[in-house]
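First up is the structure itself, then whatever we jot down about it.
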Amino acid sequence: MNTDPRRPDQPVDHQELAELLPAPGRPVLRRDRHRVLREHLMKQISDEAVHQQSGTTDTPPAPRRPRRRLVLIAAPLALAAVVGVGAVAVDAVRDDGKGGTTATGVGATTAEHRQAAQLLDRIAVVAADRPAVTVRDDQFIYTKSRGSSAIWGGPTKPVRDAKGDITGTKTYKGRVQSDEWQPVSGKRDGLRRLTALTPDDGFDPSQKQDITMAPGTGYLTFRQLQALPTDPDALLRKLESSNGVVKSRLTETVFENVGAILDQATLLPDLSAALYRAVAKLPDVRVVKNVKDGAGRTGIGLTYTNRRNPSKTTHGYWVFDAKSLAYLGTDRSALLDVAVTDDKGKVTAVGAS
């Protein structure tokens, strides 16, 4: 599926962007913390989405938690933010001596935020220009991603003793491709297929695992995403008002929650654009340059400054193509494809153009 839309009347001045972008940092939020936050998050937003689905019988009960794609709730999380093309921003980061950067101010400066908000608006224009898709409840949303095996916790293989009895499991450590099929309605099992990657980006069939995603395992269904408001102000109010959201960590929480649904939201142009415009209203968001996604593609990074502890490195980045402003993924995982399919386990896209 084409994930590189661009409006001819919205040219991107690459030189101008390059001159405005500060330097990147490195994520520090622990994976176990991500899991806890995402699980709580998923339950919050899915509960609200279910109640909003008036006239729709396809939405399942509130899910609990799946993988890295989640959706809405509390405490510090981490991910993305904004980029712009306005007045020259003040560089609020410094080299940390280890190849990364640390923030030197308390929150993003006014110039940084304005810069980020302007670019976020341009990213929203690109997102809104994508073609809308029509999906049926019996179809699946297919996503293909690449990143570290630590993101998905696999693939795993059983460990056997000399008698052939299983004594434990061994988890592959390295780069992985995740192919995932999530049911549109959430009423059927989904599937996640993890395959180890070789150094030349080929597949290692000896390290492969299929994981059943039972209904209610934490991800928002496509129908629930469709029920979210597409007005940026209304969407931001929902993102900010969920139970468990810590006001002092509002920017962190909203960034993580939005990042959890960006993959599938690319198939919903109005929602995708609203998400970016909602994030643009938050303080502390800023732009970084030359950030790589989970597949090694270099792009524009969006993150936020940790207001509670500005001396710490930022937690993570959303990554966008510098030319098209299309969403590429995060610094931990790369989004390679999103499409609608008829069959679970097959990668042939239908109705996604």
Side-chain angles (χ1 to χ4, degrees), residues 1 31-32 34-47 49-50 53 58-73 135-158 169 171-172 176-196 207-227 256-257 259-268 294 329-330 332-350 352:
M1 177 177 180
R31 287 192 301 276
D32 59 344
H34 270 292
R35 290 194 197 96
V36 172
L37 294 173
R38 287 199 302 243
E39 180 175 340
H40 189 182
L41 172 65
M42 283 311 330
K43 186 169 190 314
Q44 294 296 331
I45 194 167
S46 54
D47 284 343
V50 168
Q53 293 248 115
D58 300 309
T59 303
R64 286 197 310 262
R65 93 129 278 207
R67 50 188 257 163
R68 56 184 193 111
R69 262 183 224 58
L70 40 310
V71 125
L72 200 74
I73 146 178
V135 298
R136 304 188 310 268
D137 283 350
D138 63 340
Q139 291 179 308
F140 295 85
I141 304 300
Y142 167 72
T143 55
K144 178 169 69 174
S145 307
R146 287 189 175 186
S148 168
S149 58
I151 298 172
W152 297 282
T156 61
K157 298 177 68 173
T169 59
T171 302
Y172 170 79
V176 167
Q177 176 166 306
S178 171
D179 296 284
E180 189 167 306
W181 293 263
Q182 293 188 13
V184 168
S185 68
K187 293 185 176 181
R188 296 184 292 167
D189 287 346
L191 173 67
R192 181 183 305 143
R193 176 168 295 157
L194 301 176
T195 309
Q207 298 286 349
K208 184 176 180 180
Q209 181 183 19
D210 280 0
I211 303 170
T212 298
M213 302 173 65
T217 51
Y219 58 88
L220 281 187
T221 69
F222 194 72
R223 294 302 185 210
Q224 288 172 320
L225 290 181
Q226 288 179 313
E256 180 70 10
N257 295 346
I261 59 177
L262 281 180
D263 289 8
Q264 289 199 23
T266 58
L267 297 180
L268 297 168
T330 74
R332 299 186 65 221
S333 64
L335 177 64
L336 302 182
D337 196 12
V338 185
V340 181
T341 65
D342 285 335
D343 300 306
K344 179 172 59 178
K346 296 182 180 180
V347 298
T348 302
V350 299

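Since this is a predicted model, take the numbers as computed values, not measurements. All values below were derived from every heavy atom in this structure, side-chain atoms included, with hydrogens, water molecules and symmetry-related copies excluded.
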Task: Test side chain to side chain contact (heavy atoms under 4.5 Å, CB included) applied to Tyr172 and Leu194, step by step - done: CA-CA 10 Å; Tyr172 170 79; Leu194 301 176; over 6 Å; no

Task: Steps toward side chain to side chain contact (heavy atoms under 4.5 Å, CB included) verdict (Thr341, Lys346) - done: CA-CA 8 Å; Thr341 65; Lys346 296 182 180 180; over 6 Å; no

Open item on the list: Working note: Thr221 + Val184, criterion side chain to side chain contact (heavy atoms under 4.5 Å, CB included); need CA distance, chi angles, decisive distance, verdict.
Closed with: CA-CA 6 Å; Thr221 69; Val184 168; over 6 Å; no

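For the side chain to side chain donor-acceptor pair (under 3.5 Å) test, no residue two or more places apart in sequence or in another chain qualifies with Arg188. Partners of Phe140 according to the ring pair (Phe, Tyr, Trp, His ring centres under 6.0 Å) rule, which considers only residues two or more places apart in sequence or in another chain, do not exist here. Applying the side chain to side chain contact (heavy atoms under 4.5 Å, CB included) rule to Thr171 yields the partners Thr156; only residues at least two apart in sequence or on another chain are considered. Under the side chain to side chain contact (heavy atoms under 4.5 Å, CB included) criterion, Lys208 pairs with Arg193, Thr195, sequence neighbours left out. Qualifying side chain to side chain donor-acceptor pair (under 3.5 Å) partners for Asp138, counting only residues two or more places apart in sequence or in other chains: Arg136.
Among the candidates Arg192, Gln264, Lys344, the single residue satisfying the side chain to side chain donor-acceptor pair (under 3.5 Å) test with Gln182 is Gln264.
The closest side-chain donor-acceptor pair between Tyr142 and Asp179 falls under 3.5 angstrom.
Taking CG of Leu191 as the reference point, atom CG of Asp210 lies at 5.0 Å (rounded to 0.5 Å). In this structure, Gln177 CD and Lys144 NZ are separated by 5.5 Å, a value rounded to the nearest 0.5 Å. One distance of note links OG1 of Thr330 with CG of Leu262; it measures 10.0 Å at 0.5 Å rounding. Here Asp189 contributes atom CG and Thr212 contributes atom OG1; the two are 5.5 Å apart, rounded to the nearest 0.5 Å. With values rounded to the nearest 0.5 angstrom, Leu335 atom CG is found 6.0 Å from Thr266 atom OG1. Within the model, atoms CD of Glu180 and CH2 of Trp152 stand 9.0 Å from one another, a figure rounded to the nearest 0.5 Å.
The nearest pair of heavy atoms linking Leu268 to Phe222 is CD2-CZ, 3.5 Å. Considering every non-hydrogen atom in both Ser149 and Gly154, the closest pair reads CB-O, 3.2 Å. Shown here for Ala196 and Pro155, the closest heavy-atom pair between the two residues is N-CG, 4.4 Å.
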